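In what follows, a single structure is set out as structure tokens and then discussed.
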Amino acid sequence: MNSAHTFDTVIIGAGAAGMMCAARIGQAGKSVALLDHSAKIGEKIRISGGGRCNFTNRNLNGHDGSQYFVSQQPRFVRHALSRYHSADFTALLDGYGVPYHEKHKGQLFCDHSAQDVIDVLQRECAKGGVVWHTECLIESAAPFQTASALRFELHTNQATFRCRHLVIATGGLAVPAVGATPFGYELAKQFGHSIISPAAALVPLRFEHWAQHGYDTLAGIAMPVRISSGSGKQAVSFDEDLLFRHKGLSGPAILQISSYWQPGAPIHINLAPAADVAAALCGGKRNQKIQLNTALKQLCPQLPERLLDFWLAQPQFTASATQKWADIPDAVLQNLGHSLNSWTLLPSGSDGHKKAEATRGGVNVKEINPKTMQSKQQSGLYFIGEVMDITGWLGGYNFQWAWSSAVCAAAAV
Ligand code: FDA
């Protein structure tokens, strides 16, 4: 039998943003309920960062931060990130004695387990007297006007909830197996919001005829590359590691570029970013005695041998690996060098939401106040975290967005 529960604020989605927001609202002395359809809360935190949760990035301290986010309005993030910094979140973890370390490019990970972050958020929620409802299926959410104020009423399988403020923190579409749904987009549309078409981001890419080209035999090779896509003002590039897989490419380089990649567009991979291979192969005096493969190994010591052997065996190179370097025409060497410095590939698609770490697109942030996260379409309605058209780079930026946007909304309700 349904009974009505009244709260100052109801938050839908007990993930990173939802828990942070609920804790802050509760600690400010307001009543708050956190509803989630899953039995377990914070599942994306648990599986993040290989189980160690890359919970923020130090590079955000002292920056406006917008360069680390993909959105139709990247500058939207500036206020929230300046209000609640990466250092604020580390101070929160320090207060609970959670040990962490910096791994790479400012990325901070738990020393032990992502569960440490979930525990901190749960303890923060407990301090604020947050009321939890898990396995709570939301059947409808609608505004209604009382004599004195506007309220929201939510019908669920557990109870009817009434509140002054409704916060949507249902995240993106990545990994439906841990509870991701398009619910937030549907609710936003119901309240008159537009949705920037969601697509998998931070996701491995696939290529047609991968095995026919023999690239599947390179599976397991990991190497530093420079990856780029787009042109002119849209051009982006990352210096990161690339991972060859049986079905295509992955690794941080691919995950980063996938957030920018548009279907039908090529990506360019510089397999030897430290060298201009064509110039090095053609220029200067060539050692008369050494073979092409030995020359390449000397010029590009960072290229894995397995990749190099494969590269030289490709039919388009008329020179063989064992031919004397000095005997090979410049045009052939230039072609080879160029192929290593600018390997151009046309992705056929991605592994999709199942394997993605984030979603590009979401609720159009033009219709949200960047200081309060309140909807410009519906008073009392707020959006926080990944449900919005804000996607961070790989490296802790998505969690920092969850924390910062949550803190702004909590202060506003
Ligand atoms: P989040 O997804 O955390 O929470 C949404 C909540 O809403 C969930 O609890 C869900 O059950 C609930 N929900 C959904 N639909 C609902 C409905 N219909 N009714 C009720 N509840 C509903 N980021 C980063 O910065 N560093 C990292 O290391 C990683 N690593 C990583 C690994 C993997 C495998 C993934 C999939 C993702 C990451 N991320 C990451 C991204 C990061 O997890 C993500 O950006 C944040 O969790 C987003 O926080 P939100 O609170 O917005 O959504």
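Note that this is a predicted model, so its numbers are computed, not measured. Every number for a ligand or one of its atoms is a count from 1 in the order of the listing.
Taking 4.5 Å as the limit, some side-chain heavy atom of M388 sits within range of a side-chain heavy atom of W401. Residues I118 and R46 meet the side-chain proximity criterion, which asks for heavy atoms closer than 4.5 Å. Within the 4.5 Å cutoff, side-chain heavy atoms of L281 are placed close to those of W325. The shortest distance between side-chain heavy atoms of D389 and I195 does not fall below 4.5 Å.
The 12-atom threshold is not exceeded at NZ of K247, counting heavy atoms of other residues, nucleotides or ligands nearer than 6.0 Å.
Which parts of ligand 1 touch G396 is read off a 4.0 Å heavy-atom cut-off, strictly below it: atoms 24 (C), 25 (O), 26 (N). Taking every non-hydrogen atom of E386 and a distance limit under 4.0 Å, the qualifying atoms of ligand 1 come out as 44 (C), 45 (O), 46 (C), 48 (C), 52 (O). Close approach of ligand 1 to A356 is summarised as follows: ligand atoms under 4.0 Å from at least one heavy atom of the residue are 36 (C). Atoms of ligand 1 found under 4.0 Å from any heavy atom of N398 (numbered from 1 in listed order, with element): 23 (N), 25 (O), 45 (O). Ligand 1 places these atoms under 4.0 Å from at least one heavy atom of Y397: 25 (O). Annotation for ligand 1: atoms under 4.0 Å from non-hydrogen atoms of I47 are 34 (C). Ligand-side atoms of ligand 1 in range of G385: 52 (O), range being under 4.0 angstrom from any heavy atom.
Annotation: N54 places an N or O atom under 3.5 Å from an N or O atom of ligand 1; distance criterion only. Backbone and side-chain nitrogen or oxygen atoms of I12 are examined, and none is located within less than 3.5 angstrom of a nitrogen or oxygen of ligand 1. The shortest N/O to N/O separation between F399 and ligand 1 falls below 3.5 Å. In terms of polar-atom proximity, defined here as any N/O pair under 3.5 Å, D36 does make such a contact with ligand 1.
In the candidate list A16, A180, S405, A16 is nearest to atom 49 (O) of ligand 1, counting heavy atoms. The residue among G42, A14, A169, G13 with a heavy atom at the shortest distance from atom 5 (C) of ligand 1 is A169.
In this structure, V175 is part of the shell of residues with a heavy atom less than 4.0 angstrom from ligand 1. Using a 4.0 Å cutoff on heavy atoms, A358 does not count as a contact of ligand 1.
When all heavy atoms of F109 and F55 are compared, the pair lying nearest together is C-CE2, 3.7 Å. Closest approach of L166 to A141, counting heavy atoms only: CD2-CB, 4.3 Å.
Both the backbone and the side chain of A17 come within contact range of ligand 1, each with a heavy atom under 4.0 Å. Using a 4.0 Å cut-off between heavy atoms, W401 makes no contact with ligand 1 at all.
With respect to the salt-bridge test (charged N to carboxylate O, under 4.0 angstrom), the residues K105 and E240 qualify.
Checked options F383, F7, Y382, F152; the residue passing with H165 is Y382 (criterion: ring pair (Phe, Tyr, Trp, His ring centres under 6.0 Å)). Tested against D8, the residues R164, R151, K30 include a single salt bridge (charged side-chain N to carboxylate O under 4.0 Å, His left out) partner, R164.
Between F310 and Y215, the ring planes lie tilted relative to each other; the angle falls in the 30° to 60° range.
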